[in-house]
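In this text, all values refer to a predicted model and were calculated from it rather than measured experimentally. Within every chain, numbering begins at 1; the chains are lettered A, B, ... in the order of the sequence lines, protein sequences first and strands thereafter.
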2 protein chains.
Amino acid sequence: MSSNLPYTSTMTEPTVLPAAATPDRLMDQLARAAAAYYRQFAAMAAESGLTLMQGKTLSLLREPKSMRSLAELLACDASNITGIVDRLETRGLVRREVSPADRRIKNVLLTEEGERAVRRIRARVSAGLTGLERLSAEERSSLQDLLDRVFPDAAG
Amino acid sequence: MSSNLPYTSTMTEPTVLPAAATPDRLMDQLARAAAAYYRQFAAMAAESGLTLMQGKTLSLLREPKSMRSLAELLACDASNITGIVDRLETRGLVRREVSPADRRIKNVLLTEEGERAVRRIRARVSAGLTGLERLSAEERSSLQDLLDRVFPDAAG
DNA sequence: CTAGATGGTTGATGTCTTCAAGCAATAGGT
DNA sequence: ACCTATTGCTTGAAGACATCAACCATCTAG
């Protein structure tokens, strides 16, 4: 819906799709959105001296998670998480805690400083996504709803 | 600033958003969408024996681009591109061509095989984003429009 | 023509990524 | 209880990526 409303609109329908067909274009747009989001996120993480993966890992730790579940959420090998958590732990942003129920499991949880880092990054990313201000509250709600359906919790 | 709106709000404010507030939740949803998209993209690139960065680089080469502009589009150091293009070139997916106008510039362009790889990955990513099928044509168009406004071409 | 800016490469260092191998602890079947 | 998987995590090796500083080649401007 932009500057090309057809002249022949006699129906009550949205009358015709925007402009160019939306088959591939939507995918391109998704790619752009994803790239823009991560660019912003990585930049804000970098301001706190963190890499993208470190930032993503911290952001997942609203509540403690085992190494394994972190690996699944981050879609990478478990051995990878060992190194990432090692580095976060060295910086005092995170600590490991052996699960009393199953002593194989190590739960990772944020330290005070880790929580501050998460809040800081979140706030900055949010503030940096200025494009969202171009949408009305209604439109934002609509966008969230659409994304929610395309990428549900257990997204693929 | 969050869950402490005073009960004494007698103003004509937007009275309250739909259900759960959409301030942070939209950001979370964007994060999920971006993660899901890249997870899918990386998996499909991997099927062609390519890394995420290699796949992203190839996908940018609908038309030839200089090393420098690739670096800007991928938001990384130029020296990084040297290595990535080296590896793509070794596999015969890409080749460098010195610009006749300015002999400092090297334009990178897809080989035949490179184009096939791009088409293959694109098709599989598209097919893999099954969530899109849950939207009507109208909704897809709406989603594209919203994303277009939040993340325009020169997105930040 | 000299000084400076720009495009690209190289090398060093640290982080991420994957795989194979290994150890510790748990779960299941007998 | 016992033996055998299975599961959770770590380690080590090899490759890819990221960032920085230094470098050469080429172009641009004065």
Quick one: does any side-chain atom of [X] pair with a main-chain N or O of [Y] as donor and acceptor, under 3.5 Å?
X: A:Thr111; Y: A:Leu93; result: yes
X: A:Thr57; Y: A:Met53; result: yes
X: A:Glu89; Y: A:Ile84; result: no

For DNA chain C, which residues in residues 58-67 of chain B have a heavy atom at a distance below 4.0 Å?
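Heavy-atom contacts with DNA chain C come from B:Ser66, B:Met67.
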
B:Arg103: side chain to side chain donor-acceptor pair (under 3.5 Å) partners, not counting sequence neighbours:
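Not a single residue meets the side chain to side chain donor-acceptor pair (under 3.5 Å) criterion with B:Arg103.
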
Between atom [atom1] in [X] and atom [atom2] in [N], what is the gap in whole Å?
X: B:Tyr38; N: C:dC16; atom1: OH; atom2: P; answer: 18 Å
X: A:Glu97; N: D:dG8; atom1: CD; atom2: P; answer: 18 Å
X: A:Ile105; N: D:dT10; atom1: CD1; atom2: C1'; answer: 15 Å
X: A:Arg68; N: C:dA24; atom1: CZ; atom2: C1'; answer: 14 Å
X: A:Lys106; N: C:dT26; atom1: NZ; atom2: C1'; answer: 16 Å
X: B:Arg39; N: C:dT17; atom1: CZ; atom2: P; answer: 12 Å

How far does CD of B:Gln40 sit from CE of A:Met27, to the nearest 0.5 angstrom?
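If I round to the nearest 0.5 Å, the distance is 9.5 Å.
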
Compute whether any side-chain donor of one residue and acceptor of the other, for B:Ser79 and B:Thr82, lie under 3.5 angstrom apart.
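No, no side-chain donor-acceptor contact under 3.5 Å.
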
List the residues meeting salt bridge (charged side-chain N to carboxylate O under 4.0 Å, His left out) with [X], not counting sequence neighbours, and say none if there are none.
X: B:Asp86; result: B:Arg96
X: B:Glu97; result: B:Arg95
X: A:Glu138; result: none
X: B:Asp77; result: none

Listed pairs, N/O of protein and of nucleotides 26-30 of chain D, under 3.5 Å:
{"from": "D:dT26", "atom 1": "O2", "to": "B:Arg104", "atom 2": "NH1", "distance (Å)": "3.2"}
{"from": "D:dC27", "atom 1": "OP1", "to": "B:Arg103", "atom 2": "N", "distance (Å)": "2.8"}

Rounded to 10 degrees, the angle between the two terminal axes of the helix from C:dC1-D:dG30 to C:dT30-D:dA1, each from five pairs:
30°

A:Thr90: partners by side chain to side chain contact (heavy atoms under 4.5 Å, CB included), with sequence neighbours left out:
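In terms of side chain to side chain contact (heavy atoms under 4.5 Å, CB included), with neighbours along the sequence ignored, A:Thr90 is linked to no residue.
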
Test: salt bridge (charged side-chain N to carboxylate O under 4.0 Å, His left out). Region: residues 59-74 of chain B. Which pairs qualify, not counting sequence neighbours?
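Checked against salt bridge (charged side-chain N to carboxylate O under 4.0 Å, His left out) - neighbours excluded - no pair reaches residues 59-74 of chain B.
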
Just list the side-chain donor-acceptor pairs under 3.5 Å for residues 45-52 of chain B, sequence neighbours left out, or say none.
{"from": "B:Glu47", "atom 1": "OE1", "to": "B:Arg124", "atom 2": "NH1", "distance (Å)": "2.6"}
{"from": "B:Ser48", "atom 1": "OG", "to": "B:Arg120", "atom 2": "NH1", "distance (Å)": "2.8"}
{"from": "B:Thr51", "atom 1": "OG1", "to": "B:Gln54", "atom 2": "N", "distance (Å)": "3.1"}

Along nucleotides 13-18 of chain D, 5' to 3', which nucleotides get a B, which get an S, and which get a -, given that the test is a protein heavy-atom distance under 4.0 Å?
---SSB

Do A:Ser79 and D:dC9 share a donor-acceptor pair, side chain to base, under 3.5 Å?
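No, no donor-acceptor pair under 3.5 Å.
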
